[in-house]
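One structure is given below, encoded as structure tokens.
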Amino acid sequence: MNQNQNSTIAQGLSIQHICKQFGDVRALADVTLEVAPGEFFTLLGPSGCGKTTLLRIIAGLELADSGRIFSGGKDISRLPAIKRQVNTVFQSYALFPHLTIFENVAFGLRSRRFPEAEIRKRVGRRLEMLDLSAMAGRRPHQLSGGQKQRVALARALVNEPDVLLLDEPMSALDARLRAQVQEDLRRLQRKLKRTFILVTHDQAEALVCSDRIAVMREGRVVQCGTPEDVYDNPRDSFVAQFLGAANLIPATRVPGGVETAFGFLALEPQPSWTTGTVAIRPEWIGIGETQPAVNGIRARVSEIVYRGTNFDLWLEPGPIRVRTSSYRRIEPGREVWLELAPKELVILEDDTR
Ligand code: ATP
């Protein structure tokens with residue numbers, strides 16, 4: 001990479017104490033986040049948690065009530081959208097129906113009065129990168145959903161923004177295409193080394209695409225970390241359940257572990273609370289014929305669902321149903337031993353607001 005390319009690489013974003021209220025609705029309550037240059041950062045959360053509002057504030061399409069945003073060390077909180085080195089790809093793509101694909105992508109450069117040769121070069125490069133060269137002369141209605149999605153991306157990327165904001169850009173695609181575009185997006189981001197900020201409520205999408213994920217709930221960031229961090233060590237029940245399936249077990253601390261509806265479970269380390277919750281992902285539970293040395297639970301298979309790659313099993317060891325995952329079929333009615341190994345049990349720090 002030469003010096004010139006280096007100087008155009010994305011600058012970090014610092015989002016500090018952002019609050020936003022719409023009438024009675026508190027959309028954002030003191031959100032602070034640092035996004036590193038060239039990072040693929042995802043805002044993940046259920047509908048209404050404030051992720052789009054935060055994205056719009058970063059884009060300059062909405063003003064925060066309080067708090068500040070810095071880009072590359074510069075305060076951009078009051079900078080109009082047009083002056084920010086930020087481009088947004090919206091859910092709806094918002095392509096111009098009467099313009100060809102080439103002209104849709106060229107639009108931003110034309111309005112900034114780039115010379116024709118430079119427009120041809122830049123648009124051509126982006127169309128090629130996104131495998132759209134053969135479609136340059138078509139109009140949006142002649143493209144599939146996935147192709148339109150890629151045009152929207154090309155149109156945003158042609159402006160070479162420091163930060164690309166993606167507002168649920170894959171929500172209109174079917175499952176197979178969605179998986180494809182997620183991989184493409186990840187690859188593209190790695191290649192361009194720009195900062196991407198994705199908004200989604202799809203945990204699988206967040207896990208696939210991101211360097212780091214901020215899990216949001218009711219206008220706050222509940223947890224922020226790498227996909228492995230948030231999946232393996234969820235902070236509370238909300239994060240544990242939002243990022244995939246989790247067995248939540250109410251527990252009371254006793255010497256060496258916790259007392260639960262299944263009896264004593266050894267734990268390492270000890271929880272800081274007296275009563276709380278421990279969690280374990282279905283796929284982390286061992287299933288066997290013999291009693292494990294620690295944390296064994298005798299259980300009966302009550303339900304089985306075939307998933308293609310594995311079977312989901314529900315077992316009834318007593319008052320709580322446990323969900324596990326198995327590569328082989330185990331018929332309902334069979335009794336097995338479950339192993340909830342101490343290192344697989346996560347101690348949750350639920351907010352008791
Ligand atoms: P979704 O996934 O459904 O798009 P979201 O997490 O992006 O949800 P936001 O769109 O940021 O959530 O909305 C956060 C809260 O603020 C919601 O309760 C929403 O109803 C409210 N809200 C957002 N925009 C406005 C507005 N312009 N006027 C009034 N309330 C708004």
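Atoms within a ligand are numbered from 1 in the order they appear, just like the ligands themselves. Here the structure is a predicted model, which means the values were calculated and not measured.
Cation-pi geometry between Arg120 and Phe102 is satisfied (NZ or CZ under 6.0 Å from the ring centre, within 45° of the ring normal).
A side-chain hydrogen bond (donor to acceptor under 3.5 Å, both in side chains) with Glu103 is found for exactly one of Arg139, Arg110, His98, namely Arg110.
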Can you produce the list of protein nitrogen or oxygen atoms under 3.5 Å from a nitrogen or oxygen of ligand 1, alongside each distance?
from     : atom 1 : to    : atom 2 : distance (Å)
ligand 1 : 2 (O)  : Lys51 : NZ     : 2.7
ligand 1 : 3 (O)  : Ser47 : OG     : 2.6
ligand 1 : 6 (O)  : Gly48 : N      : 3.4
ligand 1 : 6 (O)  : Cys49 : N      : 3.0
ligand 1 : 6 (O)  : Gly50 : N      : 3.1
ligand 1 : 6 (O)  : Lys51 : N      : 3.2
ligand 1 : 6 (O)  : Lys51 : NZ     : 2.9
ligand 1 : 7 (O)  : Thr52 : N      : 2.9
ligand 1 : 7 (O)  : Thr52 : OG1    : 2.6
ligand 1 : 8 (O)  : Gly48 : N      : 2.8
ligand 1 : 11 (O) : Thr53 : N      : 2.9
ligand 1 : 11 (O) : Thr53 : OG1    : 2.5
ligand 1 : 12 (O) : Gly50 : N      : 3.3

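Ring geometry for Tyr231 versus Trp284: interplanar angle over 60°, hence perpendicular rather than tilted (30 to 60°).
A salt bridge between Arg178 and Asp202 is present, with a side-chain N of the basic residue lying under 4.0 Å from a carboxylate O of the acidic one. Between Arg334 and Glu289 there is a salt bridge, with a side-chain nitrogen of the basic residue lying less than 4.0 Å from a carboxylate oxygen of the acidic one.
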May I have the list of side-chain donor-acceptor pairs in residues 53-65 shorter than 3.5 Å, sequence neighbours left out?
from  : atom 1 : to    : atom 2 : distance (Å)
Arg56 : NE     : Glu62 : OE1    : 3.3
Asp65 : OD2    : Gln21 : N      : 2.7

